[in-house]
Each structure stands twice: as C-alpha cells, then as structure tokens.
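So the structure is just underneath, and the comments pick up after that.
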Amino acid sequence: EEDLLNDVCREVVERWSDSQVVDSKEEKEDEVQAIASMMEKQARIVVKPKEVSQEEKQRKAALLAQYANVTDEEEYPFPALLGAPSPALFRNTNVEDVLNARKLERELLRDEFQKKKEQDKLQREKDKLAKQERKEKEKKRTQKGERKR
C-alpha cells in the first residue's frame, strides 16, 4: 500500500506540474497575442504631419535670423565670463532690501510709539484736571453744606 501511495502521490505531482506548464504556455501565448493586437492598433493610427503656414515659416525664419545676427559685443556681454570679475554686475540686493524693509518697519513702530506716548501724556493731564475739578466741586459742596448748618 505504501508503494501504491507513493506512486499515486508522484503521479498527482507530475500531473499538477504538467498542468502548470500548460497554463504558463497559454498565459505567454495570451500575452504575446495582446501585445501583437496593441501593436496592430498603434500601426493603424496615422499621425498627420502638422501643416505650417507660410506666415509662420516667415516668422520663424525672422526670429532665427535675429538671433543669428550676434555681434562681437553682444556675444560676450558679461565681463565676468571673460575673466574680469565685476561685482557690480551680479550684485545681490536681497540683503539690502530686507534690511531696508526692517529699518522702515522700525521707524514706523518708533513713530507709532511716540504718538502713543504723547496721547498717554495728554490723557494723564486730562485725568489730572478732571480729578482736580471733582475735588473742587466736592469742596464747594461741603462748604455749602457747612454754611447751611
């Protein structure tokens, strides 16, 4: 029975592996078929060449001619490329711009602070005058009350 069992197992494994080989062959054939059909579809698509009008051709030719006419002065406009460094040509103004913006902001804040300081001073003076007036009114009231007695 063990021999029979081993034979049956071996036969099952062989048939299974044979079926796997057949399936993979079929899958490969399907893939090849799909690729072939895609290529046929792409071959059917015809790309029409772009029609360029005579006016566009003339414009393009004029642009190319304009850029082709470079004089010796225009060819090397940057002295830094010739070996003579020019710091004024490539000056970075970002730092200066940021510093100027901060300076302007500080000046504005300083002006606002001065205005607020003056307003506070005026308000204190008003409060002081109002306090004195209240004291004087209270004093007058008390004097009237003492006279009536």
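Please read all numbers here as calculations on a predicted model, not as lab measurements.
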Can you tell whether the side chains of Glu56 and Lys60 come within less than 4.0 Å, N to carboxylate O? no
Between CG of Asn94 and CG of Leu99, what distance do you get to the nearest 0.5 Å? 11.0 Å
A quick test of your reading: do over 12 heavy atoms of other residues, nucleotides or ligands sit less than 6.0 Å from CD of Glu105? no
Side-chain donor/acceptor pairs under 3.5 Å, residues 122-139, sequence neighbours excluded:
residue : atom : partner : partner atom : Å
Gln123  : NE2  : Asp127  : OD1          : 3.3
Glu138  : OE1  : Arg141  : NH2          : 2.3

If the threshold is 4.0 Å, N to carboxylate O, is there a salt bridge linking Arg10 and Glu14? no
Verify the neighbour count for atom CD of Glu107: are there more than 12 heavy atoms of other residues, nucleotides or ligands below 6.0 Å? yes
Nearest-0.5 Å distance, CG of residue Leu104 to CG of residue Leu109: 10.5 Å
Regarding Lys117 and Asp120, does a basic nitrogen lie under 4.0 Å from an acidic carboxylate oxygen? no
